[in-house]
Amino acid sequence: MSRYEPSVIEPKWQEAWDKAEAFTARRDPDRPKYYVLEMFPYPSGRIHMGHVRNYTMGDVVARTKSAQGFSVLHPMGWDAFGMPAENAAMERGGHPKDWTYGNIADMKAQMKPLGLSIDWSRELATCDPEYYGQQQAMFIDMMEAGLVYRKAAVVNWDPVDMTVLANEQVIDGKGWRSGAAVERRELTQWFFRISDYSEELLSALDGLTNWPEKVRLMQANWIGKSRGLQFGFETVGGPAGFETLEVYTTRPDTLMGASFAAISPDHPLARVLEGDPKVAAFLAEARKGGTTAEALETAEKIGFDTGIRVKHPLDPTWELPVWIANFILMDYGTGAIFGCPAHDQRDFDFATKYGLPIKPVFLGEAMEESLAEAYVPMKSERVTYVRGFAGAATQTGDDGVATAIAHAEAQGYGKGVTKFRLRDWGVSRQRYWGCPIPVIHCATCGVVPEAKANLPIELPYDVSFDIPGNPLDRHPTWRDCACPKCGAAARRETDTMDTFVDSSWYYARFTAPRATTPTVMEDAAYWMNVDQYIGGVEHAILHLLYSRFFARAMMKTGHLPAMAVEPFNALFTQGMVTHETYETTEVTGPNDPRGEGIKFQKYRFPEEVEHRSGSAFLKSSGAPVDVSPPSKMSKSKKNVVDPMNIIASFGADTARWFVMSDSPPERDVEWTSSGAEAAFKHLSRVWALCSRIGDMPADHKGEGDADLARATARAIDEVTKGIEGFAFNKAIAGLYGFTNTIAKANASTPTMKHAIRTLAQLMSPMTPHIAESIWTYQGGAGLCTQAAWPKADPALLIDDTVTLPIQINGKRRAEISVPKDMPAPEVEKLALADEDVVRFLAGQPVKKIIVVPGRIINVVI
RNA sequence: GCCCGCGUGGUGGAACGGUAGACACAGGGGACUUAAAAUCCCUCGGCUGCAAGGCCUUGCCGGUUCAAGUCCGGCCGCGGGCACCA
């Protein structure tokens with residue numbers, strides 16, 4: 001065998017796999033199926049190391065399952081709609097469609113050399129009309145099933161770009177692109193009724209035992225179930241229709257500490273009062289500012305006393321003022337609260353500012369200090385509370401809330417209710433590059449779904465991006481259509497769908513990607529669910545929650561079988577690929593607009609930097625380089641390593657091996673050039689080892705046959721467990737160990753050949769190309785990729801003799817070798833007779849001796 | 001503020017409550033070479049000892065146990081998620 005040259009063997013084996021159609025997924029009733037999926041990429045045009053790590057993990061699983069006899073589905077597609085394509089069109093000209101499909105072609109060309117076991121015949125892009133047309137069909141079905149509705153909602157509106165902005169796109173109250181002050185505007189938007197499924201999406205999390213606990217928790221918090229009391233305040237001096245004011249509280253046990261009531265600026269009562277110019281002025285002030293987290297954080301609490309009073313439910317003679325306050329949200333609870341400044345920080349801030357009374361209801365040691373801090377923990381005694389609630393038994397702990405609810409229900413002034421934080425999913429986007437919402441506005445029939453025969457509603461190609469706003473809105477003809485109901489001239493909806501819709505069902509589409517219906521039941525029933533889903537933790541909430549909702553919606557509309565309610569059986573969230581960042585200190589030149597002689601830091605690419613004796617220098621000039629700790633690879637910090645460069649210099653197998661080694665897959669892995677070189681060196685060593693074994697004379701005899709056979713069995717066991725347990729770093733550690741063992745072994749030729757063939761098989765999920773070469777060179781039949789996964793002989797996994805450490809009072813002092821099944825009393829005798837033990841005991845009596853068979857012996861004196 | 005996770009050599013990390021530091025990177029020493037690269041061998045937590053060995057060591061303090069990196073309680077530090085959600 002010649003030198004290890006990845007650039008020669010890798011394309012060769014990829015071609016062989018293609019020719020054998022080794023990765024084409026086929027429905028096979030005789031074999032169990034396995035569906036492994038990595039979160040599909042956005043086609044930015046360049047793959048990065050994060051992609052390499054993500055897809056290699058999926059590939060390791062897919063290849064292993066395939067070798068283990070499963071019928072494997074491992075597809076790939078493109079999450080292809082979205083703003084970057086439009087931004088590119090605005091900045092550089094060109095068309096979003098051309099830009100996107102060009103990027104897909106580029107990225108696919110970069111992914112191919114990785115040698116992933118992907119069934120490319122199922123490739124899809126969400127911007128294909130064949131894909132989004134089916135999505136439109138489902139939208140119509142969901143409308144009919146009552147899962148879709150329209151309502152007015154307050155949004156962030158960019159008056160310059162003339163579009164709605166997501167909260168993340170509002171920075172310091174300004175649009176991220178235009179820099180214009182963002183307005184709160186009410187727009188009629190399309191919504192999915194995800195909140196109908198709050199309870200189910202929450203309770204079904206318990207069944208997702210193969211999901212990371214962290215993700216389940218994040219989803220549970222996002223859904224945000226709370227139990228509280230809803231009751232009506234009787235108003236005094238309120239306008240007609242507001243004889244009572246409904247409020248919701250999760251702390252009904254603090255009801256006796258009420259000092260005011262407050263309503264949201266968007267509350268119906270506030271709107272009624274808006275006729276008063278003073279109220280109107282206040283509301284204008286209160287509604288200013290974006291809806292972003294930062295805007296809310298810094299916003300000062302402001303309020304307006306309406307003059308209306310309400311009666312305390314437990315004491316009608318006790319009246320509380322009703323304020324309008326900017327910190328009350330309309331879309332949580334009832335949009336109105338009772339304020340208890342003694343036990344709520346926000347109420348405390350508000351009461352302090354406006355001089356409202358602060359009335360603690362809990363007595364206890366914590367009381368004195370906590371008065372200043374406003375919040376008293378639940379566990380303090382509730383003496384005042386008990387007085388307030390008509391002499392009930394003393395309450396401590398969390399059941400105070402339950403008791404208060406029970407009391408309210410018995411007295412008839414309120415009832416216990418369950419609320420969720422989860423809101424309905426607004427899917428309207430005033431954007432071009434997305435899936436058109438298949439709806440028609442007719443002057444006589446109103447809002448009508450498009451006829452399915454007219455699907456897909458394709459995006460028009462002739463649009464321009466030189467003016468801000470949605471090009472669909474100003475297209476001369478695209479909006480014009482006939483009403484599907486009455487045939488009259490009508491107008492199309494010009495909003496497109498949130499791209500999260502596209503990614504909420506692609507996993508189901510992969511089971512029948514070319515079908516003329518969204519799914520095909522037979523195929524979905526065979527392939528669903530996804531057995532292993534792999535992706536970044538950044539999708540822990542939205543993408544996964546929407547997908548879980550969509551699976552339910554698809555079930556309800558007949559597009560998925562009932563067994564697919566939870567589409568992802570197992571989820572794995574992988575860590576990022578990080579790299580150190582490098583900066584040099586530069587000085588501005590004479591013509592610099594910043595002024596001459598000013599120092600500044602400049603990021604440097606890793607390939608510009610060399611490391612010498614623990615420090616870093618610029619290759620070109622030798623200037624010193626500042627090194628910062630590893631962080632996520634990003635273009636702006638220039639701490640990126642292009643996978644294409646690594647493949648060019650070391651091959652795909654080295655890149656794959658490196659990203660899977662060292663760090664556990666759920667954690668970040670730091671890319672280092674020394675690590676990549678080490679991976680390459682190791683593969684070269686394996687290659688040389690294979691060559692050496694190939695040169696051994698067929699009749700070579702050795703002493704170590706039994707040992708090598710045992711080591712082979714152990715390696716099979718260790719690597720298989722490592723892969724199946726998503727501990728790829730441990731599987732790789734096992735492969736290093738096994739390689740070293742083979743290299744040192746002195747066994748007969750057939751045993752050596754068997755060992756190295758097994759090594760090739762065990763390596764093949766990680767480094768499939770070199771594995772094929774070794775396999776073939778050592779006389780393996782067919783493709784290594786298609787060979788059955790090796791099985792460890794259980795008899796060889798158990799050693800005949802075991803080495804047992806002997807502890808004296810918990811400290812290791814000696815060890816003995818004993819046959820593996822020696823009875824405990826004999827082990828005990830041997831241990832006490834050991835010379836080191838005797839020396840340590842020095843004649844002291846043994847109080848107790850513990851023998852854990854096959855593990856350890858502990859002598860207590 | 002609320003919820004969650006994590007602290008092990010110079011580094012990434014191993015370790016069913018049972019020999020802490022597997023495997024790898026970096027470092028040190030050596031062989032081969034005119035030399036370098038490549039390759040191979042040895043060494044590599046700290047202190048101590050000529051050595052055999054001994055003592056210490058998993059963020060800090062305490063507890064449970066024959067035995068604790070692992071379990072329990074309390075601190076300290078780091079990271080993540082959510083957040084005027086009543």
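To find a chain, count down the sequence lines: A is the first, B the second, and so on, and within it residues start at 1.
Base orientation of G62(B): anti, since the glycosidic angle falls outside 90° of 0.
Comparing the same atom, C1', in G81(B) and in A26(B) gives a spacing of 35 Å after rounding to whole Å. Separating the C1' atom of G17(B) from that of C56(B) is a span of 22 Å, rounded to the nearest Å.
In this structure, the nucleotide among A14(B), C23(B), C66(B) sitting nearest to the side chain of Val860(A) is C66(B). When distances run from any side-chain atom of Lys730(A) to the nucleotides C25(B), A86(B), A14(B), the shortest one goes to A14(B). Nearest to the side chain of Gln807(A), among A26(B), A67(B), C4(B), sits A67(B). For Asn740(A), the side-chain atoms get nearest to A24(B) when compared with the rest of A83(B), A14(B), A24(B). Among the nucleotides C66(B), U39(B), A83(B), the one closest to the side chain of Arg421(A) is A83(B). Looking at the side chain of Ala678(A), the nearest of the listed nucleotides C25(B), G13(B), G18(B) is C25(B). Checking C3(B), A67(B), A83(B) against the side-chain heavy atoms of Asn858(A) singles out A67(B) as nearest. Residue Thr250(A) has its side chain nearest to A86(B) when only A86(B), G12(B), A20(B) are considered. Relative to the side chain of Tyr332(A), the nucleotides G12(B), A86(B), C82(B) differ in distance, and A86(B) lies closest. Closest approach to the Arg812(A) side chain among U19(B), C82(B), C16(B) is made by U19(B) (side chain taken as heavy atoms from C-beta onward).
Ser674(A) comes within 4.0 angstrom of the backbone, heavy atoms only, and of no base. Note on Phe840(A): only backbone sugar-phosphate atoms sit closer than 4.0 angstrom, heavy atoms only; bases stay farther off. Within 4.0 Å of Leu217(A), counting heavy atoms only, lie sugar-phosphate atoms of the nucleic acid but no base atom. At the heavy-atom level, Leu804(A) lies nowhere under 4.0 Å from the strands shown. Residue Lys847(A) is classed as having no contact, given no heavy-atom separation below 4.0 Å to the nucleic acid. Here Asp662(A) lies in heavy-atom contact (under 4.0 Å) with a base. The residue Tyr736(A) sits close only to the backbone: its heavy atoms come under 4.0 Å of sugar-phosphate atoms, none of a base. Residue contacts for Val852(A): at a heavy-atom cut-off of 4.0 Å it reaches a base atom on one of the strands shown.
A close approach under 4.0 Å does occur between a side-chain nitrogen or oxygen of Asn729(A) and OP1 or OP2 of A14(B). For G53(B), the OP1/OP2 oxygens have no side-chain nitrogen or oxygen of Lys811(A) closer than 4.0 Å. Distances shown here put every side-chain N or O of Arg839(A) at or beyond 4.0 Å from the OP1 or OP2 atom of G53(B). Taking side-chain N and O atoms only, Lys214(A) has no distance below 4.0 Å to OP1 or OP2 of C4(B).
Proximity of the aromatic rings of Phe726(A) and Phe728(A) is defined here by a centroid distance below 6.0 angstrom, and this criterion is met. A distance below 6.0 Å separates the ring centres of Tyr4(A) and Phe680(A). Aromatic rings of Phe738(A) and Tyr736(A) (six-membered ring for Trp) have centroids beyond the 6.0 Å cut-off, not under it.
When only modelled atom types and interatomic distance are considered, Asp424(A) and Ser195(A) share a side-chain donor-acceptor pair under 3.5 Å. Side-chain polar atoms of Glu199(A) and Tyr197(A) form no donor-acceptor pair below 3.5 angstrom. Using a 3.5 Å distance cut-off with no hydrogens or angles, the side chains of Tyr332(A) and Ser264(A) do not pair a donor with an acceptor. In summary, the side chains of Arg667(A) and Gln574(A) do not present any donor paired with an acceptor at a separation below 3.5 Å, with no hydrogens or angles considered.
Of the possible polar contacts, one joining the Arg548(A) side chain to the Leu201(A) backbone as a donor-acceptor pair under 3.5 Å is found.
Arg216(A) contributes no side-chain N or O that forms a donor-acceptor pair with the base of C4(B) under 3.5 Å. Judged by distance alone with a 3.5 Å cut-off, a donor-acceptor contact links the side chain of Lys301(A) to the base of C84(B).
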Pairs under 3.5 Å (Watson-Crick or G-U), crossing ones as [ ], inter-strand ones as |: RNA chain B comes out as (((((((..(((.....[....))).(((((.......))))).((((....))))..(((((..]....))))))))))))....

